[in-house]
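Keep in mind that this is a model prediction, so the values were computed, not measured.
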Amino acid sequence: RMLRGRSGVLMVLPALAALASAATKPNFLILFVDDLGYNEINLGDKKPATGGYTGYGGRVATPNLVKFAEEGMVFTNWYSAWHCCSGSRSAMMTGRLPPRVGVDSVGGGVFTASTISGLLRNETTFAEVLRGSGYRTGMLGKWHLGVRPEFMPNSRGFQYYLGLPFSADMGTTVWRPDEANQWDWAPEPLVEGTDVDGFRVIEQPAALQNLSVKYAAAATKFIENGTASGDPWLLYMSFSHVHNPQYCSSTWCNTSSVVGTGPAVPTPHGGTGSAIQEMDWTVGQIMAALKASGADDNTVVFFTSDNGAPSNHVAVNDWRGSNAPLRGFKGQIFEGGIRMPGMVRWPGKVQPGSLSTEIVATYDIFVTMVSLAGATLPSNRIYDGIDISPVFTGVSGAKGHDCVFNYQTGKQLAVVRCGKYKVHFTSTPPLLYDLEADIGENSPINDTAIYHPVVANITAIRTAFLATVPAVPDQVLAGDNRDFTICGAPDSQKTYPQYPNCTLTPENWEVPWPTPPPAPPATKAAYV
């Protein structure tokens with residue numbers, strides 16, 4: 001079985017853990033937030049001393065995530081595979097960096113709402129592996145790895161799916177109208193389906209302000225039914241929050257002073273901080289359902305984000321708010337674009353209130369779950385992920401990655417971090433940073449005695465790594481075809497000529513509330 005060693009050099013490892021019995025296989029819950037920055041959740045007293053996790057200096061409250069941190073482990077060096085959506089998600093689903101799987105492998109960007117291709121069918125997702133090992137599998141929320149039926153979650157190992165197939169701003173809604181028709185997009189669809197019957201559109205446009213309640217209810221039902229069945233289960237909760245537009249329900253709108261400049265944040269609606277707080281509420285509802293189900297002690301819960309926050313999450317273009325103390329934003333290979341908030345919780349296995357400084361990555365989730373489930377990895381490919389369960393269960397001497405590799409595009413392996421040193425290969429000469437001394441990447445140490453030996457060593461590791469990455473056609477560059485646009489009502493303008501074609505739920509074009517919503521109840525943790 002081929003995996004990449006922590007130095008970045010290929011090595012052959014023995015088989016993973018011996019097969020677990022059905023009675024001991026843990027459940028898995030992945031809480032995956034969209035565009036959530038390093039400093040956008042507020043962990044209160046559980047925030048690391050090195051910075052971040054302050055909720056914009058206390059302007060955002062996330063009490064359910066505080067509770068999560070009190071019961072689990074917080075990571076200070078959790079990395080995404082990519083600086084934006086599709087690439088990051090492809091890596092988590094496969095345990096392999098995006099260039100290996102043909103997502104943005106030569107600079108194609110992200111999959112669109114009418115994309116021709118998607119995550120390649122010869123790639124194996126963690127849902128497919130766990131399904132083959134007796135797990136019930138479900139997904140809620142954003143997919144963003146292809147829209148044609150063969151690429152959708154129901155065809156990639158998930159028995160049940162409810163969600164938006166792509167970002168919340170890639171279709172028109174009352175929250176993101178296409179007033180200038182510059183994109184000519186279809187209304188945003190909300191779809192639901194199974195691996196047996198495929199998917200169907202249930203709302204178009206989606207009423208984004210109702211999504212959190214829908215997701216919480218669907219997650220509760222899945223957890224209850226999965227636990228009652230006696231089978232182990234996997235639930236991938238991929239939030240549509242907190243990607244622009246910053247929609248929210250009347251309960252949560254206008255509950256935070258943090259308001260961004262992204263598209264369709266109509267006064268008195270929306271706001272980055274309000275969306276974050278609603279996401280936290282949803283986490284609380286799901287965690288309460290997990291505890292009520294009786295499955296809590298046998299469930300591993302992961303919490304992280306796909307990439308850093310974009311610049312328009314705040315009114316002033318300043319990374320020191322959303323991603324502080326990290327420099328940069330989504331779309332960049334500074335730490336603010338690729339270092340994520342990350343936590344793991346597993347009662348009785350993870351030390352409550354613990355902290356890890358080990359270097360881990362979102363694509364480790366794949367290998368970790370497969371290992372803990374006693375399942376078998378496909379053996380004809382290279383995995384970039386490693387099993388990090390020894391780290392979060394407190395095994396003495398357990399280590400994360402020695403090195404992590406981040407691309408600007410598939411053509412450019414832009415930065416490599418090994419230990420505390422990070423080299424930016426986008427500059428000539430390369431820039432070297434000591435991230436322990438300079439977490440904000442403010443002052444390169446090119447003029448120090450260690451520059452040449454450290455850069456030479458990391459350059460050699462980079463070269464060896466690149467030799468393991470074959471050329472794979474960029475599936476994003478396969479292009480778009482309007483025939484593949486998801487459309488729940490192809491002739492809707494015959495009935496509703498005032499609305500865009502594909503309108504299935506015309507009532508969702510109405511502004512949710514024409515006046516400011518009422519003040520919300522006092523914020524408090526939803527699970528105990």
Side-chain angles (χ1 to χ4, degrees), residues 4 6-9 37-39 48 50-52 75-84 87-88 91 97-99 104-107 109 307-311 317-340 357-363 384 400-469:
R4 184 177 50 76
R6 283 187 281 267
S7 67
V9 180
Y38 197 72
N39 197 42
T50 50
F75 288 83
T76 61
N77 289 297
W78 186 298
Y79 282 85
S80 172
W82 215 247
H83 49 71
C84 60
S88 171
L97 286 172
D104 200 12
S105 55
V106 295
N307 45 252
S311 61
N317 189 346
D318 188 347
W319 52 264
R320 286 170 290 189
S322 56
N323 298 313
L326 311 177
R327 178 181 178 182
F329 297 107
K330 173 184 179 179
Q332 299 176 346
I333 43 75
F334 287 110
E335 293 291 283
I338 57 176
R339 196 193 297 199
M340 303 296 99
T357 60
E358 290 298 318
I359 298 173
V360 300
T362 301
Y363 44 90
D384 298 291
H401 292 266
D402 288 333
C403 300
V404 286
F405 306 83
N406 284 89
Y407 288 73
Q408 183 64 55
T409 73
K411 287 184 176 180
Q412 185 181 41
L413 178 48
V415 294
V416 179
R417 177 181 179 178
C418 294
K420 67 178 183 176
Y421 295 114
K422 179 180 179 183
V423 178
H424 284 247
F425 290 97
T426 52
S427 300
T428 304
L431 299 178
L432 175 64
Y433 293 93
D434 178 344
L435 293 179
E436 290 184 1
D438 179 21
I439 193 173
E441 295 172 283
N442 297 307
S443 302
I445 54 173
N446 288 31
D447 58 353
T448 64
I450 65 170
Y451 175 81
H452 289 291
V454 170
V455 171
N457 180 53
I458 294 179
T459 299
I461 290 171
R462 177 178 182 268
T463 300
F465 174 81
L466 285 171
T468 74
V469 184

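Looking at heavy atoms from C-beta onward, Asn323 lies in side-chain contact with Phe329 at the 4.5 angstrom threshold. Val415 has its side chain within reach of Ile338: a pair of non-hydrogen atoms, C-beta onward, lies under 4.5 Å apart. For the pair Tyr79 and Arg417, the minimum side-chain heavy-atom distance is below 4.5 Å. Side-chain contact check for Phe425 versus Ile333: every heavy-atom pair is 4.5 Å or farther apart. Taking 4.5 Å as the limit, some side-chain heavy atom of Tyr421 sits within range of a side-chain heavy atom of Ile450. Residues Leu435 and Arg339 form a side-chain contact, since some pair of their non-hydrogen atoms from C-beta on lies under 4.5 Å apart. Between Pro99 and Tyr407 the shortest side-chain heavy-atom distance falls below 4.5 Å. Side-chain contact between Leu413 and Leu466 is present, with heavy atoms from C-beta onward closer than 4.5 Å.
A side-chain donor-acceptor contact under 3.5 Å links Gln408 to the backbone of Gly331. Although no hydrogens or angles enter the test, the distance criterion places a donor-acceptor pair under 3.5 Å between the side chain of Asn77 and the main chain of Thr357. Between the Arg462 side chain and the Ala464 main chain, no donor and acceptor come within less than 3.5 Å of each other. Asn406 places a side-chain N or O within donor-acceptor distance of the main-chain N or O of Ser80, the cut-off being under 3.5 Å. Not one N or O on the side chain of Asp104 forms a donor-acceptor pair closer than 3.5 Å with the backbone of Gly87.
Considering CG of Asp447 and CG of Leu432, their distance stands at 10.5 Å, rounded to 0.5 Å.
For Tyr38 against Gly51, the heavy-atom pair with the smallest separation is CE2-O, 3.5 Å. Smallest separation of non-hydrogen atoms from Asn446 and Pro430: ND2-O, 3.0 Å.
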Show me the donor-acceptor pairs within less than 3.5 Å that the side chains of residues 452-461 make with the rest of the protein, sequence neighbours left out.
| unit_1 | atom_1 | unit_2 | atom_2 | d |
| --- | --- | --- | --- | --- |
| Thr459 | OG1 | Val455 | O | 2.6 |

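Not counting sequence neighbours, the partners of Glu441 by the side chain to side chain donor-acceptor pair (under 3.5 Å) test are Lys422, His424. Residues forming a salt bridge (Lys or Arg N to Asp or Glu O under 4.0 Å) with Lys411 (at least two apart in sequence, or on another chain): none.
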- prompt: After noting the C-alpha distance and the side-chain angles of Tyr451 and Ile445, does the key distance pass the side-chain contact (heavy atoms from CB on, under 4.5 Å) rule?
  reply: CA-CA 7 Å; Tyr451 175 81; Ile445 54 173; 5.8 Å; no

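For the ring-ring contact (aromatic ring centres under 6.0 Å, His included) test with Phe405, the passing option among Tyr363, Phe465, Trp82 is Phe465; the others fail.
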